[in-house]
Structures are given as structure tokens and as C-alpha cells.
Student: 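Structure in C-alpha cells, see below.
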2 protein chains.
Amino acid sequence: MSSEHGKRKLTRRQLIGSTLAATGALAAGEAILPGFAAELDAASPAALEEENKVILFQGDSITDAGRNRRHAGPNNPGAMGRGYPFLIGSWLLATKNDPELKVYNRGISGHKVPDLQKRWQKDTIDLKPGILSILVGVNDIWHKLNGRYEGTVADYEKGFNELLEQTRKALPETRIVICEPFVLRCGAVNDKWFPEFDERRAAAKRVAEKAEATWVPFQETFDNAVNDAPAKYWAGDGVHPSMAGHMRMTIAWLRAIRD
Amino acid sequence: MSSEHGKRKLTRRQLIGSTLAATGALAAGEAILPGFAAELDAASPAALEEENKVILFQGDSITDAGRNRRHAGPNNPGAMGRGYPFLIGSWLLATKNDPELKVYNRGISGHKVPDLQKRWQKDTIDLKPGILSILVGVNDIWHKLNGRYEGTVADYEKGFNELLEQTRKALPETRIVICEPFVLRCGAVNDKWFPEFDERRAAAKRVAEKAEATWVPFQETFDNAVNDAPAKYWAGDGVHPSMAGHMRMTIAWLRAIRD
């Protein structure tokens, strides 16, 4: 860990105290469910207490989630889609009470790592996020299984690393959050996806570790969810989460970012 | 209170124990934020433990929230819009883990009480909801201020009472939730709205009491919210809530339904 990165972390931790103080004010004003606001507000990114209050969600269709691309945002419900970026953004805006907090979604359906690379400067670097969340990988294998793409696991890892290096160089202060690619065993997902899909998950984790990024273990989230309801309840086609699935992702993301 | 209604309430209370037991299972499986799932799951409608697991949101544009009316639902993110019905539905589906739970949105932008009356049989009664949530009233005054409608406060109360009587007669077991009409003092909302808007809120509350419905005090929700951030943060035009505003409504609705 670079000393600069370590200093950033320390700053965040030091600021948790003020976050909790703000929670108390919220509980007094709004009389939200006892404990509820406190728990999730404690889970809010302490980095948002710092100067840069821009959160950007990047990825493919799971992130896109039907957003209206004619609206650029920030904080525009149409521009946020109907998935975890909308749910996370709504929660943070409702509990941080901060007019400077700006949430963007730039996920685009069908995109793989090479697609993100092509639009990274305009759609990521130029927005100068304080927190950058990335979920990419399912199309990198899905399109390959469909014969529309040739990229290997090594290509995925290499391109993903390059994206992160470009980001660290341009935005050294940004907190990067890497979301684990995940699938459920139903719909379009069959045995042909394995073991390569697991290898790609492992590659994503190595990328996250190399970049000193926060890791959101979405595969574990859904592996646990199938103990509570059938796989198709969480994602009909095994790839695109239902309303229930997106809310489980929201909870997992907020938990991961708390640390 | 009729003895039949009293019996229904008792049944719900008796079932809270099993709801909390389910919470424990959820916490063990998903390892959600400690306390978070328990708090909101305790806030979930215990009525959902009963046979009829259909939740219907009815109202105007605040409920509609840009839903795609070509999709009927249930549990279809496009059909749910980008407001409190989507947020509440997502939360309940993610925590109840129940494939029989069906959430519908039938709000239509611009609608007043007389508009709901015209489509009540098809859009409400025929769906046979176990929980019916209604938010209507802001257009009844807004369109009057614009010279497009003549209805008085008494007309609003009379028509709203008739809606509820029709509902109780057709669906005696349905839990009815009446949401308080609300405005924020910004955007399109000026002094001309008062005191008539307050009289209409009071009328809605009388309707709720007469129907023995659950009351969701949304005006109080937003009166408290403006202590935390400016009015326009919660609803730019004073009528249609932002992402933050819809999440505050979600929390208020879940709290109200818990009792």
C-alpha cells in the first residue's frame, strides 16, 4: 500500500466519528426507525465526508438497468436506471442530506472491459468521481459463449488492470470499488459457463487487490440468497437481477463500503 | 371498529412472532448489516404472512413515478416506476424471500379522486390486493388553482369516502393504507395553496379514520426533512419528490405499516 493511499484511509476512518454524529441529528429530526438509520448511515461511505462527493457507477446492463441515456444526471431518477445504483443513490441522498452529493450511472448494456476502455476518459475520468464503483465481466464470457467475442480470461484481467491503472494515474484520490461479477444457476446460465466464470471472478479479485480497491462479494450475496428463495427469484435469466436481487446487491455494496 | 376488522388486526399481531423468526433466518443466511434487516423486517406488513400477498399502490404522478404502463407487473421494475412503490417493493421482495409476494403500481399521472373512481373496479378491485395503498389529493387542488377543475374540499372528501366504501364492500379483508397528501414550500407551491391544502389533508385523515385505514403522515415526513436539507432537495417543484424524497417516503410508509 502506498503511503498516500494509507493516509487517505486514515482520513476516512477519522471521519467516521462525525458521520455518526450526523446520524444522531438525523434520528432526532426524522424519527426514522430506531437503529435503522444509524446502521445504514454508519455504512455510508465516510469518503463522502471529504470534499469530492461524486459517486459514479460504471458497468454493463446490470448497472445500466434501463436508464434513460438522454438524461445525464446527477441524481436524476430517469438517468439512474432501475437497479442497484438507483437504490444506493436514493438511500445515500435520503440519509446524507447533502445537496453536494452527486450520483451518476454510466453503465451501458452489453459492455465488456474493452468497451469500457474505449469510453473511460469521457465517461469516467472526466466526471472526477470521489467514489468509483465498477461491475464488469459477465458479457466478457457470455458474448464469448455466443461466439461474438474472443477475449480470454487473461485478456479480461489485463484490460481490467489497465483501466484501473489509468484511473489511479488520473484520479489518485478516488476510492475505487470493484464489484464481483456473479451469476445464478438458472435461465441463460448453464454448465458451459464453468469453470471459466469462476476463473474470471478470481481475476476480478486479483485486479481489485492490485488496485487496493474495495471488493464487493456479489457472488457470495447471491449464493446466500438462493438459500432463501429459488435462483430465478433473484435473477430470471441468471444474469440480470430482479428487484429483490438489486436490493440484496444494495445491502452488500453498502456493507462493503463501510469498511 | 367492527368485530371482523378487530379479528383481522389480532391475526396480524399474532403473526409478528413468525415474522421475527424469519428475520433471524435471513440474518444468518445473508449476513445483512446487523440490526438493519431485523429493524425493517419487523417493519414489514405482517399481513403479508396471511394468504393474500398482493400489494397495490394507487394514486397520481407521485405514485406513477414514470412507470411503463405497457408492463402490467407484478414485480416488474419497469412497471413499478422510479418512486416509493419501487423502493418499498424492492425492500419487501428482498427481505420476505417470498415468490408469492406480488407488488403492483397503478398510479397515473394527473389523476384526482374522480379519475380514480372511474377506473377503480378494473385497476383496484379486480386485482384483489391484500394491502392497498392510496395517495391522492394534490391534483385535486393543483388543477383547481390552474382553472382546470372545480372540485371543492367537500367533493374531495365525499369522493374519497365513496372509493373506500366501494373497496370495503368488495374487499372486506384488505388492509387499506391511506397516504397523506403533502407539499413542500418551493417550486410550484405558493401561498395560494393555503389554507385549502391543509383542509384537504385534514379531509384525507377523516377519510382514513372512517375507513379504519392505516395513516402514513407524509406531510410530517417532509416537514421534518426540511430541517435536514432545503425543500427543493426533497422535491424540486414542491410536489414531485426527488430520489431522496421518495426514500424518506419509503421509510415513513414502512414505519406506518408496522403498527
Side-chain angles (χ1 to χ4, degrees), chain A residues 25-26 28-40 42-43 65-66 68 75-78 80-83 86-87 89-99 101 103 220-221 224-230 232-234 241-252 254-255 258, chain B residues 22 25-26 28-40 42-43 65-66 68 75-78 80-83 86-87 89-99 101 103 220-221 224-230 232-234 242-252 254-255 258:
Chain A
L26 179 77
E30 171 64 13
I32 281 176
L33 295 176
F36 167 55
E39 283 294 340
L40 264 187
N68 183 337
N75 307 351
N76 177 310
M80 292 304 295
R82 295 175 163 107
F86 177 76
L87 296 171
S90 297
W91 176 258
L92 293 176
L93 288 162
T95 55
K96 303 302 282 186
N97 311 318
D98 188 343
L101 176 57
V103 187
E220 179 186 297
T221 300
N224 287 335
V226 296
N227 294 325
D228 299 327
K232 66 180 181 183
Y233 182 82
W234 306 105
S242 62
M243 289 165 62
H246 274 290
M247 183 58 92
R248 287 286 184 110
M249 290 169 72
T250 296
I251 295 166
L254 288 167
R255 284 185 67 222
R258 177 176 53 175
Chain B
L26 179 77
E30 173 62 12
I32 281 175
L33 295 175
F36 168 55
E39 282 294 341
L40 265 188
N68 183 338
N75 308 350
N76 177 310
M80 291 304 296
R82 295 176 163 105
F86 177 76
L87 296 170
S90 295
W91 176 259
L92 293 176
L93 288 162
T95 55
K96 304 302 284 186
N97 312 320
D98 188 344
L101 177 57
V103 187
E220 179 185 295
T221 300
N224 287 335
V226 296
N227 293 326
D228 299 327
K232 66 181 180 181
Y233 182 81
W234 306 105
S242 61
M243 289 165 63
H246 274 291
M247 184 57 93
R248 288 286 183 112
M249 291 170 71
T250 297
I251 295 165
L254 288 167
R255 285 185 67 223
R258 176 176 54 174

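A note on names: the letters A, B, ... follow the listed sequences, proteins ahead of strands, and every chain is numbered from 1. Basis for what follows: all heavy atoms, side chains included, without hydrogens, waters or symmetry-related copies.
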Student: Nearest 0.5 angstrom please: A:His246 NE2 to B:Leu93 CG, how far?
Tutor: 12.5 Å
Student: What distance separates B:Asp228 CG from A:Lys96 NZ, expressed to the nearest 0.5 Å?
Tutor: 12.5 Å
Student: At a 4.5 Å cut-off on heavy atoms, which part of A:Tyr233 comes close to chain B: side chain, backbone, both, or neither?
Tutor: side chain
Student: With the side chain counted from C-beta on, respond yes when B:Trp234 and A:Asn97 share a heavy-atom pair under 4.5 Å apart, and no when they do not.
Tutor: yes
Student: Write down the atom of A:Ala94, the atom of B:Ala244, and the distance for their closest heavy-atom approach.
Tutor: CB-O, 3.6 Å
Student: Starting from the C-alpha separation in whole Å, work towards a yes-or-no answer on side-chain contact (heavy atoms from CB on, under 4.5 Å) for B:Arg82 and A:Met80.
Tutor: CA-CA 9 Å; B:Arg82 295 176 163 105; A:Met80 292 304 295; over 6 Å; no
Student: May I ask you to name which of B:Gly81, B:Ala229, B:Gly83, B:Pro77 has the most heavy-atom pairs under 4.5 Å with chain A?
Tutor: B:Pro77
Student: Minimum heavy-atom separation for A:Leu87 and B:Met247, please, with both atom names.
Tutor: O-CE, 4.0 Å
